[in-house]
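Report on one structure; see the data block that follows.
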Number of protein chains: 2
Amino acid sequence: MAPLFHPSRDDITLAGVLSALADPMRLRIVKGLMEQSDCMSCTAAAPCPDIPKSTLSNHFRILREAGLIQTTKKGVEHRNVVREADLNARFPKLLKTILASAE
Amino acid sequence: MAPLFHPSRDDITLAGVLSALADPMRLRIVKGLMEQSDCMSCTAAAPCPDIPKSTLSNHFRILREAGLIQTTKKGVEHRNVVREADLNARFPKLLKTILASAE
DNA sequence: TCAATCGTTCAGAACTAGTGAACTATTGAA
DNA sequence: TTCAATAGTTCACTAGTTCTGAACGATTGA
């Protein structure tokens with residue numbers, strides 16, 4: 001199986017981050033992950049239970065390729081964490097400010 | 001001619017703002033408008049001169065409908081300003097943080 | 001080995017974005 | 001008034017993206 005692609009810190013772009021977070025569902029996923037301060041599987045991090053799997057998988061791919069989350073395969077499930085350190089290094093306060101705007 | 005649509009302050013959504021600014025050209029337009037601290041016509045605010053008019057018009061419409069800019073018709077041209085007060089009231093520091101990330 | 005679980009990939013339908021051509025509105029000049 | 005120039009919009013077409021069901025792949029427990 002092909003390994004999951006993650007951009008390096010320097011390859012994270014502002015446009016990529018903004019367009020990834022411009023989707024309400026993806027924003028909620030990231031918000032949920034931040035609140036957990038722990039890894040979560042894709043289904044556990046889903047904002048509502050009735051989302052088609054393929055749709056969810058697609059959203060996680062977009063978040064991953066934008067550099068917002070780090071996904072590691074752990075057995076049968078995928079563990080996701082927000083790449084806070086990388087994001088803060090690249091775009092200081094951006095993530096926090098966006099999440100604060102999403103009340 | 002139909003008047004230009006602008007959302008009210010409360011109708012400005014985070015998703016709308018983020019997806020409007022997720023486009024590099026629109027981000028540059030907003031950045032340019034902020035630096036001017038004055039109204040600018042659409043063509044004056046264009047980030048580069050060789051953009052097709054229809055494309056530019058489309059970007060301004062998206063910015064306008066997302067609540068990022070206020071457009072008023074002044075003679076033959078359209079004057080644009082960033083709706084800083086509305087945006088800061090709705091999403092404190094968001095605009096400033098995003099623009100600061102766009103260096 | 002079988003079945004269940006978790007997620008990815010594929011393909012098609014529905015939607016969105018970029019752009020040339022045609023159009024509208026305003027202004028200045030003859 | 002009429003003509004031309006200027007600033008944007010709207011339309012229509014193409015190209016690309018998103019959503020989702022169906023089929024597939026990988027891991028684990030029984």
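In what follows, chains carry the letters A, B, and so on, assigned in the order in which the sequence lines appear, proteins first and then strands, with residues in each chain numbered from 1.
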Please list, chain by chain and in numerical order, all residues satisfying side-chain hydrogen bond (donor to acceptor under 3.5 Å, both in side chains) with A:Asn88, sequence neighbours excluded. none
Grab the CZ-P distance between B:Phe60 and D:dA7 for me, whole Å please. 13 Å
Who pairs with A:Arg90 by side-chain hydrogen bond (donor to acceptor under 3.5 Å, both in side chains), at least two apart in sequence or on another chain? none
Nearest-angstrom distance from the residue atom CD of A:Glu77 to C1' of C:dT8: 15 Å
Length of the CG-C1' vector between A:Asn80 and C:dG7, whole Å: 11 Å
side-chain hydrogen bond (donor to acceptor under 3.5 Å, both in side chains) involving A:Gln70 - partner list, sequence neighbours excluded: none
Figure out the CZ/P separation between A:Phe5 and C:dT8, and round it to whole Å. 15 Å
Rounding to an integer number of Å, can you tell me how far B:Leu4 CG sits from C:dA25 P? 13 Å
With sequence neighbours excluded, tell me which residues meet side-chain hydrogen bond (donor to acceptor under 3.5 Å, both in side chains) with B:His59. B:Arg26
Sort me out a list of protein N/O and nucleotides 12-21 of chain C N/O pairs below 3.5 Å, or just none if empty.
{"from": "C:dT19", "atom 1": "OP2", "to": "B:Thr55", "atom 2": "OG1", "distance (Å)": "2.9"}
{"from": "C:dG20", "atom 1": "N7", "to": "B:Ser54", "atom 2": "OG", "distance (Å)": "3.0"}
{"from": "C:dG20", "atom 1": "O6", "to": "B:Ser54", "atom 2": "OG", "distance (Å)": "3.2"}

Looking only at the side chain of A:Ser57 (C-beta and beyond, no hydrogens), which of the listed nucleotides C:dC6, D:dA26, C:dT9 gets closest? C:dT9
Residues which pass side chain to side chain contact (heavy atoms under 4.5 Å, CB included) with A:Thr13, listed by chain and number, not counting sequence neighbours: A:Ala15
From CG of A:Leu63 across to C1' of D:dT18 the rounded distance in Å is 14 Å
Between B:Lys96 and B:Glu84, is there a side-chain N and carboxylate O pair less than 4.0 Å apart? no
At under 4.0 Å, does any side-chain N or O of B:Arg64 touch on OP1 or OP2 of D:dG8? no
Distance in angstrom units between A:His78 NE2 and C:dT9 C1', rounded: 13 Å
Rounded distance in Å - CE (A:Met25) to P (D:dC19): 8 Å
